[in-house]
Amino acid sequence: MSSPKLGFIGLGAMGVCMAGNLISHHGSLNIYNRTSSKADAFKASNQNATVHNSVSSLAAASDIIFNSTANDEAALSIFKEITSNGSGEGRVVVDMSTLYPDTTTELERMVKAWGGKFCCVPVMGAPHAAKTAGLIAIISGADAETRQQLDQVIVPAIAKASVDVGEAVRTGATLKLLGNFLVVGIIELLAEAMTLATKTGVPRSTLYEMIKMFLPAPSFIGYGRTTSEMLFTPTTGLNIPLGQKDVGHISRLADEHGVEAPSLRAAKRHLDIAQEEAGERAGEVDWSSLVVGARKLAGLGVWGDKEKK
C-alpha cells in the first residue's frame with residue numbers, strides 16, 4: 001500500500017516546525033501559506049516540499065490535508081477553499097488549530113458535505129516542543145481506523161504521544177482549551193507569586209530557584225523563568241493576541257456552562273493590561289507578560305527591572 005500524499009497549510013511559528021518534521025519523517029510534503037514568502041523560504045530548506053499557489057491546488061494533490069491557522073476566522077476561510085472544488089472522497093482533512101468547539105463542529109460539517117473525513121488534532125506544546133517533535137496530539141473525529149492511521153502519520157513525526165478521545169470533535173477541541181486553561185492558570189499563579197515576592201522583598205530569582213526544585217514541571221519552569229527575568233521576547237509560547245484569543249474562548253466556554261473560573265478572569269484582566277502596555281509590540285511579546293498587569297495593579301513598575309524597549 002502506498003504512503004498517503006500529505007499537504008500542510010499554515011507555516012506560522014507552530015506550523016513551520018510541524019511541517020518540517022513531517023517532511024523529514026515522511027519524505028515529501030505539499031505546502032501552502034497565504035504569505036507566499038514563508039512557503040518559498042520553507043522550500044529553500046526543504047527541497048522535497050512542493051509549493052502550491054492556492055488551497056484548492058494543495059487539496060487536490062493531497063490525501064491528508066493538515067491545517068494550522070491562528071484563529072477561527074482563518075480556519076473557516078481555509079476550509080471553505082478546501083471544500084469548494086471537486087469531491088473530498090478518500091481525503092482526510094485535519095485541523096490542528098486551537099478553535100472554539102462550535103467552529104470545529106462547523107469544519108466537520110463542511111468536510112462531510114464535501115465527501116471527506118475530518119479530524120480535530122490540536123496539539124499541546126510550545127514552538128520549541130514543536131521543533132523537537134515533543135508535542136502531545138489530541139486526536140478526535142472520523143472513525144477509529146482513520147484515527148489510528150492518522151496517529152501513525154503524526155507519531156513520532158510531529159508528536160511524542162497522542163490522546164485519542166473518540167469521534168466527537170467537540171470533545172477534542174474542548175480538551176485543548178482545558179489544557180490551555182491549565183497553562184494560563186499556571187502563568188497567572190506565577191504572575192501573582194512573583195508580584196507578591198517583589199512587594200515583600202523576596203528576589204524573584206530566589207522564588208524561581210525554589211520553583212525549579214519544588215514544582216519541576218515544564219510550564220512552571222519555562223514560564224517561571226520568563227516571569228522571574230521579565231523577558232518576554234522572543235515569545236516562548238503564545239504572543240499576547242493569540243493568548244487573548246484562547247483566554248476568550250475558555251471564558252466563553254466557562255460562561256456557557258456556568259463555571260465561575262476566577263483565576264481565568266484574573267488572567268484575562270492582567271493580559272488585557274499587558275496588551276495595553278505593549279501597544280504595537282503585542283504580537284512580539286509572550287503571553288506570560290500578563291505579569292505586567294499584576295505588577296501595575298500592585299503599584300510596581302510594569303516592566304520590572306528591564307526598561308521597556
Side-chain angles (χ1 to χ4, degrees), residues 1-11 15 18-34 39 42-43 46 48-69 72 74-97 99 101 103-123 135 137-159 162-173 176:
M1 179 175 166
S2 61
S3 299
K5 292 175 288 186
L6 307 180
F8 201 98
I9 299 167
L11 299 175
M18 293 189 287
N21 286 332
L22 278 174
I23 200 168
S24 294
H25 197 85
H26 295 288
S28 62
L29 188 68
N30 296 308
I31 60 169
Y32 172 81
N33 194 76
R34 288 204 186 279
F42 185 89
K43 169 69 175 179
N46 297 275
N48 287 336
T50 301
V51 178
H52 290 261
N53 60 10
S54 71
V55 170
S56 57
S57 171
L58 180 142
S62 308
D63 300 313
I64 301 177
I65 305 157
F66 293 92
N67 177 65
S68 176
T69 45
D72 297 54
L76 287 165
S77 176
I78 290 291
F79 272 68
K80 184 177 180 180
E81 292 183 60
I82 290 174
T83 59
S84 63
N85 294 302
S87 169
E89 185 177 357
R91 292 186 173 84
V92 180
V93 188
V94 182
D95 189 78
M96 308 191 78
S97 317
L99 307 175
T103 304
T104 302
T105 56
E106 173 59 15
L107 300 183
E108 180 184 46
R109 185 200 65 76
M110 293 168 70
V111 173
K112 284 184 174 180
W114 185 50
K117 295 181 179 181
F118 174 77
C119 284
C120 169
V121 189
V123 292
L135 301 167
I138 302 169
I139 303 178
S140 64
D143 52 76
E145 182 180 1
T146 299
R147 295 196 305 276
Q148 184 178 16
Q149 291 172 344
L150 187 58
D151 183 81
Q152 293 172 354
V153 172
I154 293 173
V155 181
I158 61 177
S162 64
V163 180
D164 187 330
V165 298
E167 294 184 6
V169 297
R170 176 174 289 273
T171 301
K176 166 59 177 175

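Computed from a predicted structure; not experimentally measured. All residue numbers refer to positions in the sequence shown, counting from 1.
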To the nearest 0.5 angstrom, please state how far the [atom1] atom of [X] sits from the [atom2] atom of [Y].
X: T104; Y: E106; atom1: OG1; atom2: CD; result: 10.5 Å
X: L22; Y: I31; atom1: CG; atom2: CD1; result: 12.0 Å
X: T83; Y: I78; atom1: OG1; atom2: CD1; result: 11.0 Å
X: E145; Y: K117; atom1: CD; atom2: NZ; result: 6.5 Å

[X] side chain to [Y] backbone, donor-acceptor under 3.5 Å:
X: D95; Y: C120; value: no
X: D72; Y: T103; value: no
X: R147; Y: G141; value: yes
X: K43; Y: A49; value: yes
X: N48; Y: G27; value: yes
X: S68; Y: G10; value: no
X: H26; Y: V153; value: yes

Using a 4.5 Å cut-off on heavy atoms from C-beta on, say whether the side chain of [Y] contacts that of [X].
X: L107; Y: L76; result: yes
X: I158; Y: M96; result: yes
X: M18; Y: L135; result: yes
X: S140; Y: T171; result: no
X: F66; Y: L150; result: yes

(request) Begin with the C-alpha distance, continue with both residues' side-chain angles, and end with the deciding distance and a verdict on side chain to side chain contact (heavy atoms under 4.5 Å, CB included) for T50 and S28. (result) CA-CA 8 Å; T50 301; S28 62; over 6 Å; no
Heavy-atom closest pair, residues [X] and [Y]:
X: L58; Y: G7; value: CD2-CA, 4.0 Å
X: M110; Y: F79; value: CE-C, 3.5 Å
X: N21; Y: A157; value: CB-O, 3.0 Å
X: A61; Y: N30; value: O-ND2, 3.2 Å
X: A75; Y: L99; value: CB-CD1, 3.9 Å
X: A59; Y: R91; value: O-NE, 2.9 Å

(message) Does K80 have more than 12 heavy atoms from other residues, nucleotides or ligands lying within 6.0 Å of its NZ?
(response)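 No - once you tally the heavy atoms of other residues, nucleotides and ligands closer than 6.0 Å, there are 12 at most.
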(message) Show, in sequence, the C-alpha distance, side-chain angles and deciding distance for F42 and N33, and conclude whether the side chain to side chain contact (heavy atoms under 4.5 Å, CB included) test is met.
(response) CA-CA 10 Å; F42 185 89; N33 194 76; over 6 Å; no
(message) We want to know whether D164 and S162 form a side-chain donor-acceptor pair, criterion being a heavy-atom distance below 3.5 angstrom.
(response)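 No - no donor-acceptor pair under 3.5 Å links their side chains.
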(message) Assess the residue pair R34 and S77 against the criterion (side chain to side chain contact (heavy atoms under 4.5 Å, CB included)); give the C-alpha distance rounded to whole Å, side-chain angles, the decisive distance to 0.1 Å, and a yes or no.
(response) CA-CA 11 Å; R34 288 204 186 279; S77 176; 3.1 Å; yes
(message) Would I65 and I82 count as a side chain to side chain contact (heavy atoms under 4.5 Å, CB included) here? Give the steps.
(response) CA-CA 9 Å; I65 305 157; I82 290 174; 4.1 Å; yes
(message) My understanding is that only residues two or more places apart in sequence, or in another chain, count here; which of them pass side-chain hydrogen bond (donor to acceptor under 3.5 Å, both in side chains) with S84?
(response)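 Here no residue qualifies.
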